[in-house]
Structure formats: C-alpha cells, structure tokens
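All remarks here apply to the structure that follows.
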Amino acid sequence: MTTTQPQVFERVDAPHAAEGIRGVFGRRRARRNDEQGDRGIVSDSERKKRGIKVGMSGVHLVLFVGLVVAGLGPLLWLAKAAVTPTQDTLRQPLALWPNGIDWANIPQAWNDVHIDQFFWNTIVIAAGSWAFQLVVATTAGYALSVLRPKYAPILNGAILATMFIPAVVLLVPLYLTIVNPPLLGDVSLLNNYLAVWLPAAANAFNILLVKRFFDALPREVFEAARTDGAGPFRLFWSIVLPMSKPILGVVSVFAIIAAWKDFLWPMLVLPNPAVQPLSVRLPAVQQSIELDVFLAALAISTLIPVALFLVFQGVFLRSAGLGGAVKG
C-alpha cells in the first residue's frame with residue numbers, strides 16, 4: 001500500500017506578485033524608451049563627448065546668429081536708416097551714422113508727409129478687418145463644429161472649395177459688387193471702409209482654422225453646459241470663447257497683418273487719398289520726398305506689426321486657452 005505524500009504549495013501574496021510584475025514591465029518600458037531616445041543622428045552618449053558637444057554648440061550658435069541676422073537685420077537697418085541722412089545711407093549703407101544722427105526725419109515724415117493721417121487710416125482699416133474677420137470666423141466655426149446643423153457638411157465643403165479659386169479671378173466681380181451692392185439701390189461703397197472690411201470678413205481659411213480648433217474642444221463641457229440650461233449664445237460666449245484664446249490670437253494676428261500690408265484692393269476701392277492707408281500712400285509719395293524721410297515713414301509703418309508680435313507671442317508660446325474654462 002502506497003501512501004501519497006501531501007503536496008506543499010508556496011503561498012504567493014497577490015499584491016506583491018502584481019507589484020513585481022508591474023516592476024518588470026516598468027523596467028522594460030523604461031529601457032525601451034531609453035533606446036528610442038538614443039535613436040537619431042547623435043545619441044545621448046555621444047552628446048556627452050567633449051568634441052561633439054563643442055561642435056554642436058558651435059553649430060547651434062551659428063544657426064542662432066544667422067536667424068537673428070536674417071529676422072532682425074532688416075528691421076534694425078530700417079530703424080538705423082530712419083535717422084540717417086540720405087547721403088550717408090547711399091554712400092555707406094551699413095555704417096552706423098558716420099556723420100551723426102538726423103532725428104528730424106521722424107517728425108518731418110510724421111507732419112510734412114501726413115503720415116499721421118495715413119497711419120490712422122491704416123489703424124481703422126486693420127481694426128475693422130480684425131473685428132469683422134473675428135466675428136465671422138468664430139460664429140461660422142461655432143455653427144459648423146458645435147451646433148452642427150444637417151447641412152453643415154455641405155456648407156463646410158462649399159467653404160473649402162472657395163479656397164481653390166484664385167483671388168485674381170474674383171477681383172472684377174468683387175469690385176463690381178462694391179460699386180453697385182445688391183439690395184442697396186444706387187449706393188456705392190467706394191471710398192468707404194466697408195469696401196475693405198466686408199470682403200476681408202469672408203475668409204475661408206480663418207473659418208476652417210477656427211472650426212478645426214473647435215473640433216478639438218472637449219464635448220463633455222458642452223454637454224454639461226446644456227444640462228445646466230445654457231443656450232447656444234451662452235454656450236458660445238461663456239464656454240467656447242474662453243477656451244479659444246490661442247486660436248483667437250492666431251486669427252487676430254493674421255487678420256491685422258493681412259490688412260496692414262494689403263495694397264491692391266485698398267487702392268482699387270479707396271481712390272480718395274484722404275482715406276487711403278500707408279500701404280497705398282507711401283509708394284505714391286515716394287518720388288516727392290527725400291530718401292531719409294521715406295525710410296522714416298517706412299519705419300513708422302512697422303510699429304504696429306512689431307507691437308502685435310510682442311503682445312501675442314505669449315499666446316502662441318503658452319497655448320493656455322483651455323485653462324480658463326474647465327475647473328476641477
């Protein structure tokens with residue numbers, strides 16, 4: 001008669017076993033991430049070598065200096081030429097004021113050439129274009145992305161199709177529409193800032209850009225707001241817009257810069273010099289003023305774009321538009 005020996009099984013604590021398994025997979029995952037991080041032209045171990053480290057630092061320095069010279073060089077030269085006499089600019093364009101600084105160029109450009117009036121016209125045109133474009137882009141993007149009516153795909157395709165039409169093709173029919181607007185009888189919009197604002201508002205690129213941003217917003221917030229009784233306007237004003245600061249900053253910069261540098265359309269619809277912007281008047285008065293005064297006027301015209309960059313750079317870098325609408 002054989003006796004069966006009882007089998008003894010070692011008891012394993014389930015939490016400790018799970019922790020061990022997680023530790024093994026965690027180490028494997030960390031090792032895999034390290035291997036992926038080392039992939040590239042130069043690995044992390046090679047970066048620590050003195051020769052490679054010095055060489056890469058030198059390349060980075062050269063690239064940084066090149067970008068600074070290419071980006072800031074023209075602006076700095078324009079600022080220098082704005083207070084430099086004409087003869088010095090022609091003889092020694094890269095010299096730093098060989099015969100002194102001529103500060104009279106700036107007040108002469110501001111007063112004698114009436115840059116102040118043209119500067120104000122440009123601000124009005126840019127501000128109106130910005131306001132109209134922002135209203136149309138945000139409301140259209142909100143309707144296509146959040147409200148989503150049944151005809152939204154058709155409207156979205158129609159807006160996208162307009163981007164494939166060259167602007168030159170639309171120039172003549174758009175001008176005829178401004179000369180004789182529909183539903184307004186014999187009223188003409190020539191020499192009226194609406195002739196610039198309204199066509200600028202119909203910007204398909206801005207609409208699609210805002211729509212794509214609205215598509216990425218969390219739908220749970222919208223559903224919670226609707227549950228609390230928020231209507232379409234309250235949802236748009238109190239929820240969507242506070243979450244959309246980055247895209248609003250992008251559209252604002254695009255709109256203002258485009259209006260600030262536009263030349264052909266303002267020249268066509270604003271033939272009266274009293275209402276023309278800087279982009280139209282400066283080429284017209286170039287032949288009748290000195291070069292140093294003209295360069296001073298150009299320097300004044302760059303103030304707003306530079307100021308816009310300084311104001312909105314934080315919006316681009318932080319991209320913190322989602323922080324103000326979701327709490328908890």
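Separation of atoms OG1 (Thr122) and CG (Asp262) is listed at 11.0 Å; rounding is to 0.5 Å. Considering CG of Asn105 and CG of Leu295, their distance stands at 8.5 Å, rounded to 0.5 Å.
Put simply, the side chain of Asp228 never gets that close to the backbone of Ala230: no donor and acceptor are under 3.5 Å apart. The backbone N or O of Ala126 lies less than 3.5 Å from no partner atom in the side chain of Ser129, so there is not a single donor-acceptor pair. Distance alone, capped at 3.5 Å, places no donor-acceptor pair between the Ser238 side chain and the Leu235 backbone.
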Side-chain atoms of residues 266-274: list all donor-acceptor pairs with protein atoms under 3.5 Å, sequence neighbours left out, distances to 0.1 Å.
from: Asn272; atom 1: OD1; to: Ala274; atom 2: N; distance (Å): 3.3

Tell me which donor-acceptor pairs under 3.5 Å the side chains of residues 84-91 have, and how far apart each pair is, sequence neighbours excluded?
from: Thr84; atom 1: OG1; to: Lys80; atom 2: O; distance (Å): 2.5
from: Thr84; atom 1: OG1; to: Trp97; atom 2: NE1; distance (Å): 3.1
from: Thr86; atom 1: OG1; to: Asp292; atom 2: N; distance (Å): 3.2
from: Thr86; atom 1: OG1; to: Asp292; atom 2: OD1; distance (Å): 3.1
from: Thr86; atom 1: OG1; to: Asp292; atom 2: OD2; distance (Å): 3.4
from: Asp88; atom 1: OD1; to: Asn99; atom 2: ND2; distance (Å): 2.7
from: Thr89; atom 1: OG1; to: Pro85; atom 2: O; distance (Å): 3.2

List, one per line, each side-chain donor-acceptor pair under 3.5 Å for residues 247-260, sequence neighbours excluded.
from: Ser252; atom 1: OG; to: Trp130; atom 2: NE1; distance (Å): 2.8
from: Ser252; atom 1: OG; to: Leu248; atom 2: O; distance (Å): 2.6
from: Trp260; atom 1: NE1; to: Ser301; atom 2: O; distance (Å): 2.7

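Note on residues 151-170: no pairs pass side-chain hydrogen bond (donor to acceptor under 3.5 Å, both in side chains), not counting sequence neighbours. The list of side-chain hydrogen bond (donor to acceptor under 3.5 Å, both in side chains) pairs with a residue in residues 164-181, not counting sequence neighbours, is empty.
Of the candidates Asn192, Leu189, Val124, Val124 is the only one forming a side chain to side chain contact (heavy atoms under 4.5 Å, CB included) with Trp197.
Gln286 places none of its side-chain heavy atoms less than 4.5 Å from the side chain of Leu282. In this structure, the side chains of Ser244 and Leu217 come closer than 4.5 Å at one or more pairs of heavy atoms. Considering only heavy atoms from C-beta on, Trp265 stays 4.5 Å or farther from Val280 through its side chain. Side chains of Leu147 and Phe236 form no contact here, defined as non-hydrogen atoms less than 4.5 Å apart. Looking only at side-chain heavy atoms (C-beta outward), Phe118 and Pro277 stay at 4.5 Å or farther from each other.
Remark: Tyr142 engages no residue in a side chain to side chain donor-acceptor pair (under 3.5 Å) (not counting sequence neighbours). Scored by the side chain to side chain donor-acceptor pair (under 3.5 Å) test, Asn203 finds no partners at all (sequence neighbours excluded). Residues satisfying the salt bridge (Lys or Arg N to Asp or Glu O under 4.0 Å) criterion with Arg148, sequence neighbours excluded, are absent altogether. Looking at residues two or more places apart in sequence or on another chain, you find no salt bridge (Lys or Arg N to Asp or Glu O under 4.0 Å) involving Asp116. By the salt bridge (Lys or Arg N to Asp or Glu O under 4.0 Å) test, Arg212 pairs with no residue at all, sequence neighbours left out. Residues satisfying the salt bridge (Lys or Arg N to Asp or Glu O under 4.0 Å) criterion with Glu223, sequence neighbours excluded, are Arg226. Here Phe294 pairs with nothing under the ring pair (Phe, Tyr, Trp, His ring centres under 6.0 Å) rule; sequence neighbours left out.
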